[in-house]
Amino acid sequence: MDLRELAVRQVRGVGPRKAEDLKALGIESAYDLLEYFPYRYEDYHIRDLAGVKDGEKITIEGTVYGVPLVQMYGRKKSRLACKVLVDQVVITAVWFNRHFIKDQLTSGTRIVLTGKWEQARLQITVSEHEFPDRGGASRTGTLQPVYSVAGPITQNWLRKAIRQVLAEYGQWVEEILPEELVARYRFISRREAFSLIHQPKDWEEGRKARRRIVYEELFLFQLKMQAFRALNRGKSDGIAHPVDSQAVKQFVRSLPFVLTDSQKTVVAEILQDLKQPYAMNRLLQGDVGSGKTVVAAVALFAVVKAGAQGALMVPTEILAEQHKRSLEKMFASYGIEVTLLTGSLTEKQRREALASIQMGLTDIVVGTHALIQEDVVFRRLGLVITDEQHRFGVNQRSILRRKGLNPDVLTMTATPIPRTLAITAFGDMDVSTLKELPKGRKPIKTYSVPHDMLERVLRFIRKEAAAGRQAYVICPLIEESDKLDVQNAIDVHAQLTYHFPDLSVGLLHGRMSNQEKEQVMAEFSDNRIQVLVSTTVVEVGVDVPNATLMVVYDAVRFGLSQLHQLRGRVGRGEHQSYCILIADPKNEVSRERLKVMTETNDGFEIARRDLEIRGPGDFFGTKQSGLPEFKVADLMSDYEILEYAREDAAKLVAQSEFWTAARYLPLRDYLQREQVFGGRPFD
Ligand SMILES: Nc1ncnc2c1ncn2[C@@H]1O[C@H](COP(=O)(O)OP(=O)(O)OP(=O)(O)O)[C@@H](O)[C@H]1O
């Protein structure tokens, strides 16, 4: 049975309504459900009070001791407190709004409590409890998977659905790794791994399952790239652009600044690639503000002057507009035509843009992801540059190939990763690095302040605005709730508008139309807006050098790499810039993370410290934006496994047997599904 073909509706307990809800999570088949891995576990093993830290969530067992006490607040709200004897210590168990369980708490009853521990008061705030002597299903002593859920799908419902699909269909999970690899690494079978990752008995089982799944993910990813490489090796069907070095030099001289040494080196590497008959596939990495866009502009200029078209693909419409504007400025005196292609063009504008691209009247197209797919036909596409986020993978490259194009490809990223990791992770790419920031940049000064210092922060905003500078104010982030984020931004905007009657305060959030967003960004760019209140939509790439102040509300809610990206929006010009992180860190990890931000501006150092703080205890790691994303693997911490996976994949594709032997069929099927053979069946 092919579980990929089995609609999730077929799983017992999943009705049509739930099937729709699951679809929103990207789950359509029984297989998708099985592959919806948890991102952490909740530990219900009974703990000894001795080793427990303040604020930890724990499960403990004891006996009810004395009489429970209920306080009511209004009709529904209540606080129930009861003494419980645990390991000969009397503690207080507190329930909120659960007064109806009072009658069950008779003295001497054994009870298991899960909740947050307060050391000073010897008190547990109970979120769940069980009576072990009364039978029934029990969570005690287990690890419960925690899934990323949204909308009407609840954690408990999803747990049940996944248990169900495992019971009903788990046996149909087929092995994909070759026997020799399973044996070499002593992996558990795929079937077992799928079962254990969702319901491990203990951490050891969880680890075993995770190790196997991480390897498999990384191995398949590497296999895909290596196979693609093997199939296309030596193909010189790229475009050898006749680059006019003199013209390029002249263009570079016309820029308002001198290129940094790094920029010069990288430009030379790219021009060299462009001249070759092989299709370039290069990764350009450089920290925030290191000047990647200018490098892209030089490459586009070179290609256009050599008679081809270029495309610049960016993650958001705001960025597309911004890049279009800055390219037009740079190319103003060269007769280079730049066209914008985004989702918010009118039908007529879009038709005109497409015609102009097809006829070759357009030299450079700037747009979002759709621009290389769909109905866009180029006359002579020579170079595709992609910025961040949507990594231009093997798949897209084969789409282009099928269109009969084989352009050079440059991928830009600000994700600070060690060069060796980059080379391994993007197995099929060459890597260029911008090692320095433009001269004259002053390091950004970063401060972390508590919420009650907001008044001072506001005074600081006023001071910068009075000096002619501008500020970003990033609003509190509410996990998994775009709607609440927007509400927050609206509230903060209202407050600041009230507070700064003499300044122009703008608002930017994801629910605004693209036109509105663009309007606001343009006004901020021209300093018609001094204070921009925003959700994280400004995170990547926005470039307004006159902005010198970045204020982030509730900074502990953001990941370190995200904070670094946000901070990178300032310090892009000659003025001293500041980043103020408003936060009341409640635990050591948050304090440590804020400290890292105040201590260093170096993106790579931040990534390294982040990894250190998370430590090996963080079972599933955190996704680093910009790196290829995996369901379970985390490239930074699973780096070693990645190395093995790469080597194994390379060896395998080099064997002629791999392409013929029956036992490798599941792997070849996988490659087929991933379109490595250019959409044609492999023969
Ligand atoms: N060599 C240089 N000297 C001075 N200023 C420069 C130089 N190169 C780029 N800049 C300016 O620095 C700013 C940042 O450059 P750019 O937008 O290219 O950075 P980036 O690497 O794309 O950053 P991010 O990853 O944050 O988007 C821009 O305002 C740009 O005009």
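Order of appearance sets the numbers: ligands from 1, and atoms from 1 within every ligand.
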List every atom of ligand 1 that sits less than 4.0 Å from any heavy atom of Q263, numbering the atoms from 1 in the order shown and giving each element.
1 (N), 2 (C), 8 (N), 9 (C)
Location of contacts on H323 toward ligand 1, heavy atoms closer than 4.0 Å
neither
Determine, considering heavy atoms only, which of R441, R572, K292 sits nearest to atom 11 (C) of ligand 1.
R441
Under a 4.0 Å heavy-atom limit, does M412 contact ligand 1 with its side chain, its backbone, both, or neither?
neither
Report yes or no: does V258 have a heavy atom closer than 4.0 Å to ligand 1?
yes
Short N-O contact, E317 and K517, less than 4.0 angstrom
no
Is D502 paired with R462 through a side-chain N to carboxylate O contact shorter than 4.0 Å?
yes
In terms of heavy-atom contacts, does CZ of R528 have more than 12 from other residues, nucleotides or ligands at under 6.0 Å?
yes
Hey, does K439 sit under 4.0 Å from ligand 1 if you only count heavy atoms?
no
Is S290 in contact with ligand 1, taking contact as a heavy-atom separation below 4.0 Å?
yes
P545, any N or O under 3.5 Å of ligand 1 N or O
no
Please determine if G289 has a nitrogen or oxygen closer than 3.5 Å to a nitrogen or oxygen of ligand 1.
yes
Mode of D543 contact toward ligand 1 - side chain, backbone, both, neither (heavy atoms, under 4.0 Å)
side chain
Against K324, only a single residue in E321, E328, Q322 fulfils side-chain hydrogen bond (donor to acceptor under 3.5 Å, both in side chains); can you say which?
E328
Non-hydrogen atom of Q322 closer than 4.0 Å to ligand 1
no
Can you confirm whether the side chains of D554 and H451 place a donor and an acceptor under 3.5 Å from each other?
yes
Quiz question: by atom type and distance under 3.5 Å, do the side chains of T548 and E464 form a donor-acceptor pair?
yes
When you compare the side chain of F331 with that of V304, does any pair of heavy atoms fall below 4.5 Å?
no
Can you tell me if S356 and T362 form a side-chain donor-acceptor pair at under 3.5 Å?
yes
Enumerate the atoms of ligand 1 whose separation from the nearest heavy atom of T260 is less than 4.0 angstrom.
1 (N)
